[in-house]
Amino acid sequence: MIQVYPEKYEQLELSVDEKSFLRTIERAFVEEKMAYYVLHINPRKKDAGDGKPELFNLLLVSKGILLFRFIEAQDLAVQMTIKVLSNPSIYEVLKNDIVKRLEESRYLTDKSSKLRFSLNICFVFPKADEHQVTLNLDENERQFCKEHVLFKDTITQIRKEGATSLKRYLSNADELKEEQVNNIFQRLCPEITIPRKVVLDETETVLGNDGNLNSADRAVQSYRLDSKQIDIVNRITKGNQLILACAGSGKSVLLISKCFKLASLNPSEEFLITCYNRNLNNYYTWAIAQAGFTDRNVRCSTFFSLCKSLLESNGIPVPSSYYYDKNDSYDKLFEAANNALVQGRIKERFYGIFIDEVQIFKPEWYRFCFNLLKSKKDEEHFFVIAGDKSQDVKNNIKHGKAPWQGGGDAYPEYRGKTLTIEINYRNSKPINDAIDRFVSAAKTLGSTLGIDFSEDPELFLRGTAYRPGNAPTLVELSEYSNIGEATAIGDAVKNLIEKKGLSEVDIAIILFNECAKYTTKGWKTHYYRLRPYIIQYFQANGWESPAFLYQGYSNGITYGSRRGVTVASIEGSLGLDFRAVVLAGLRPLGTHENVRTLEDFELAPKEQLPDKLDAFKKNINLIYTGCTRAKDELTIILSAPKGESIYLDLLRQSIPEVKNHDNI
């Protein structure tokens with residue numbers, strides 16, 4: 001049976017003839033074991049004229065790949081169009097562009113790096129009669145029609161004969177199998193796939209550097225969105241939309257996929273994806289390169305990089321930055337960009353703007369982005385934001401108000417325009433269940449401290465997980481020291497590699513803190529420092545050096561160029577996921593705000609209590625965010641004994657599987 005994407009295609013503006021042809025295709029391939037039909041894709045990201053996209057419908061069957069381009073023309077216009085299309089300089093360029101896209105995936109090529117499946121591009125003239133059109137064409141043009149054109153009577157023949165009459169347009173080549181389908185989708189319609197980084201062997205890695213794909217990039221694996229996600233991506237509704245859901249629900253995937261779809265449908269318009277997190281931005285940049293949008297009409301940058309580039313491109317001085325006071329430098333950078341925008345000195349405008357992890361934006365940053373739209377009228381723009389209040393790791397949600405709330409009449413109102421997702425695609429069921437227990441325990445403790453989490457129904461949204469897997473594991477340290485915790489982290493990684501069979505690139509060490517000048521009593525040294533001892537452990541085991549995705553430590557490594565185990569902060573991991581996570585560096589959690597124990601709240605002066613309660617919520621959000629990065633395996637290193645940290649005790653209360661470090 002044929003699978004059509006999207007299943008709900010009402011908003012794609014299919015012509016009457018396209019809908020009729022779709023029904024013909026569905027009937028013709030109803031008995032086919034493997035058949036896919038994808039509507040309205042723009043594989044070359046081209047403008048066909050007057051701002052309209054160069055759209056194709058894609059048919060995949062075991063015999064090969066067929067692309068159909070519908071052309072609304074009649075009488076002499078059909079002949080003239082065929083004369084143009086049959087010119088080798090036109091058709092061959094088109095086909096070569098498509099072939100080149102497909103040959104960038106090593107899964108689709110032979111030993112000589114050539115496409116090993118049959119491909120044909122057909123032009124459909126649903127209102128034209130073949131005999132009348134071809135009567136005045138020369139021999140070469142008639143041959144072109146025979147090989148690459150479907151007329152009204154051709155479609156009638158398909159209805160009578162079924163799939164056989166379409167398969168004749170495909171030459172003999174390798175059989176296309178289910179395992180290659182996602183790779184074809186990723187090259188031709190990336191909006192319905194998720195690229196995933198893999199390491200091929202000990203010497204090859206997968207990169208993705210500004211669209212210049214090397215041999216290793218060509219091995220990127222792709223996973224398909226499910227039908228519900230694909231339907232969401234293809235809801236082409238102009239105006240404003242909020243995607244609000246739990247961690248693991250695929251918000252970031254939907255955001256970038258929706259951007260890809262809209263950018264392909266509007267190739268003459270400019271689109272912007274922005275976020276706060278540098279590592280998430282690096283992932284987006286890599287995914288954009290994989291999708292073929294680099295140097296086209298999708299721009300991607302972190303929010304502050306956006307501010308800086310807008311100033312530079314308009315010849316406006318960029319305020320000096322100071323390493324010792326980054327927050328002040330960022331504030332001055334934003335102030336300069338915002339003032340320039342208000343004064344009309346920034347010229348760039350976007351048809352569509354997409355903000356991810358919007359919960360960690362300040363309200364003024366959010367409003368700045370909205371003011372970069374080409375038009376504020378709902379029917380003349382796309383403004384899509386995605387967030388989860390439970391991942392407010394920067395504590396920018398004040399008094400329950402998120403950045404997108406309370407902006408006034410000049411800014412979007414999302415009532416009736418909010419998309420909630422109730423499926424957790426990322427976490428396995430055992431991990432999701434453990435996170436649910438942690439959230440429940442945190443709410444109970446918060447209630448005793450005076451926090452009513454029920455006041456905000458959008459806080460700690462949870463989704464249903466469906467994938468089986470292993471329960472999370474807690475590891476109690478046998479020695480409370482920098483070396484002791486780093487060794488426990490390394491042993492957890494070794495267990496994942498040697499016993500669970502994971503590759504290094506599948507694993508992330510996520511740290512709340514890897515370095516602190518002072519630590520609490522009971523630690524072997526007065527300072528807290530993990531990084532050098534983690535590196536030392538890796539070197540002793542002969543592993544690839546870990547990829548520290550920390551500013552100042554990364555040595556130029558990005559999400560796309562990493563090949564070893566990833567090390568990131570909780571904040572730096574927002575929007576990313578990994579097959580396995582080792583969550584550590586939790587000992588300092590709450591130390592700065594003096595909110596580590598119940599006593600810290602009970603003895604606090606009344607005027608300090610609101611700030612302490614806010615700090616408690618932020619710390620719960622941090623643990624929640626760290627845990628939800630794990631797809632299949634979650635190990636948490638407990639670096640303080642019972643009674644010394646309410647946060648680690650909540651984890652002990654929520655996750656029954658506890659091991660001593662010596663027994664990992």
Side-chain angles (χ1 to χ4, degrees), residues 327 360 389-398 435 437-453 459-460 474-477 480-482 484-485 488-489 509-530 568-574 582-629 636-655:
N327 289 334
I360 58 175
K389 288 185 176 181
S390 310
Q391 297 182 74
D392 175 28
V393 296
K394 299 294 287 184
N395 209 23
N396 282 334
I397 296 179
K398 304 296 184 183
I435 294 168
R437 292 193 298 271
F438 173 76
V439 168
S440 179
K443 286 181 176 179
T444 300
L445 178 57
S447 179
T448 65
L449 297 175
I451 302 171
D452 184 4
F453 283 104
L459 191 62
F460 292 116
L474 301 180
V475 176
E476 299 277 7
L477 291 187
Y480 292 103
S481 68
N482 296 320
E485 184 166 5
I489 291 168
I509 300 167
I510 295 180
L511 305 173
F512 164 67
N513 201 332
E514 63 88 22
C515 182
K517 288 183 179 180
Y518 303 101
T519 187
T520 52
K521 283 185 177 181
W523 203 246
K524 200 167 184 180
T525 54
H526 68 83
Y527 61 89
Y528 188 75
R529 196 176 182 200
L530 299 178
S569 67
I570 294 176
E571 180 184 313
S573 68
L574 265 174
V582 179
L583 180 60
L586 298 175
R587 184 178 181 89
L589 190 62
T591 302
H592 178 69
E593 308 96 334
N594 195 24
V595 288
R596 289 186 81 233
T597 67
L598 287 176
E599 197 175 61
D600 292 333
F601 294 90
E602 293 166 352
L603 300 180
K606 189 175 180 180
E607 65 274 11
Q608 293 181 10
L609 194 56
D611 288 340
K612 287 183 176 289
L613 294 179
D614 280 345
F616 172 81
K617 286 193 286 187
K618 185 190 81 168
N619 293 336
I620 294 300
N621 289 344
L622 284 162
I623 292 179
Y624 169 87
T625 301
C627 290
T628 53
R629 302 307 97 196
I636 304 174
I637 310 298
L638 302 178
S639 46
K642 288 182 181 179
E644 285 195 12
S645 168
I646 54 176
Y647 310 104
L648 301 194
D649 287 346
L650 283 171
L651 288 167
R652 291 185 177 97
Q653 184 180 336
S654 311
I655 301 173

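In what follows, residues are counted from 1 in the order of the sequence shown. Quick note: numbers below take in every heavy atom, side chains included, and nothing from hydrogens, waters or symmetry partners.
What you find for I623 and Y647 is that their closest heavy atoms are CD1-CB, 3.5 Å. Minimum heavy-atom separation, S639 to L477: CA-CD1, 3.7 Å. When all heavy atoms are compared, the tightest approach of G585 to E485 is N-OE2, 2.9 Å.
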Let's go through C627 and L583 carefully: what are the C-alpha distance in whole Å and the side-chain angles of both, what is the deciding distance for side-chain contact (heavy atoms from CB on, under 4.5 Å) to 0.1 Å, and is it a yes or a no? CA-CA 7 Å; C627 290; L583 180 60; 3.8 Å; yes
Derivation and outcome, side-chain contact (heavy atoms from CB on, under 4.5 Å), residues I489 and L511: CA-CA 10 Å; I489 291 168; L511 305 173; 4.3 Å; yes
Report the C-alpha distance between Y480 and K524 in whole Å, list the side-chain angles of each, state the deciding distance to 0.1 Å, and finish with yes or no for side-chain contact (heavy atoms from CB on, under 4.5 Å). CA-CA 6 Å; Y480 292 103; K524 200 167 184 180; over 6 Å; no
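Between L598 and I646, some side-chain heavy-atom pair lies under the 4.5 Å cut-off.
With sequence neighbours excluded, the residues satisfying side chain to side chain donor-acceptor pair (under 3.5 Å) with S481 are E479. Partners of R652 by salt bridge (Lys or Arg N to Asp or Glu O under 4.0 Å), not counting sequence neighbours, listed by chain and number: E476, D649. With sequence neighbours excluded, the residues forming a ring pair (Phe, Tyr, Trp, His ring centres under 6.0 Å) with Y528 are W523, listed by chain and number. A search for side chain to side chain contact (heavy atoms under 4.5 Å, CB included) contacts involving E593 returns V595, A615, K618, N619, not counting sequence neighbours. Under the rule for a ring pair (Phe, Tyr, Trp, His ring centres under 6.0 Å), F438 has no partner lying at least two apart in sequence or in another chain. Under the side chain to side chain donor-acceptor pair (under 3.5 Å) criterion, N513 pairs with no residue at all, not counting sequence neighbours. Under the side chain to side chain donor-acceptor pair (under 3.5 Å) criterion, T525 pairs with N482, not counting sequence neighbours. Listed by chain and residue number, T519, T520 satisfy the side chain to side chain donor-acceptor pair (under 3.5 Å) test with R587 (two or more places apart in sequence, or in another chain).
The CZ atom of F616 sits 15.5 Å away from atom CG of D611, with the distance rounded to the nearest 0.5 Å. Distance check: T597 OG1 to L603 CG gives 8.0 Å after rounding to the nearest 0.5 Å. Going from atom CD1 of I570 over to atom CZ of F512 covers 7.0 Å, rounded to the nearest 0.5 Å. Atom CG of L589 is separated from atom CG of L648 by 7.5 Å, given to the nearest 0.5 angstrom. Here S390 contributes atom OG and I435 contributes atom CD1; the two are 11.0 Å apart, rounded to the nearest 0.5 Å.
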For a quick test of your reading: what N or O donor-acceptor pairs under 3.5 Å do the side chains of residues 439-451 make, sequence neighbours left out?
unit_1: T444; atom_1: OG1; unit_2: S440; atom_2: O; d: 3.1
unit_1: T448; atom_1: OG1; unit_2: L445; atom_2: O; d: 2.5

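Residue pairs that meet the salt bridge (Lys or Arg N to Asp or Glu O under 4.0 Å) test with at least one member in residues 595-608, sequence neighbours left out, do not exist here. Here salt bridge (Lys or Arg N to Asp or Glu O under 4.0 Å) pairs that include residues 511-522, with residues two or more places apart or in two chains, number zero.
The neighbour count for R529 CZ, taken as heavy atoms of other residues, nucleotides or ligands under 6.0 Å away, does not exceed 12.
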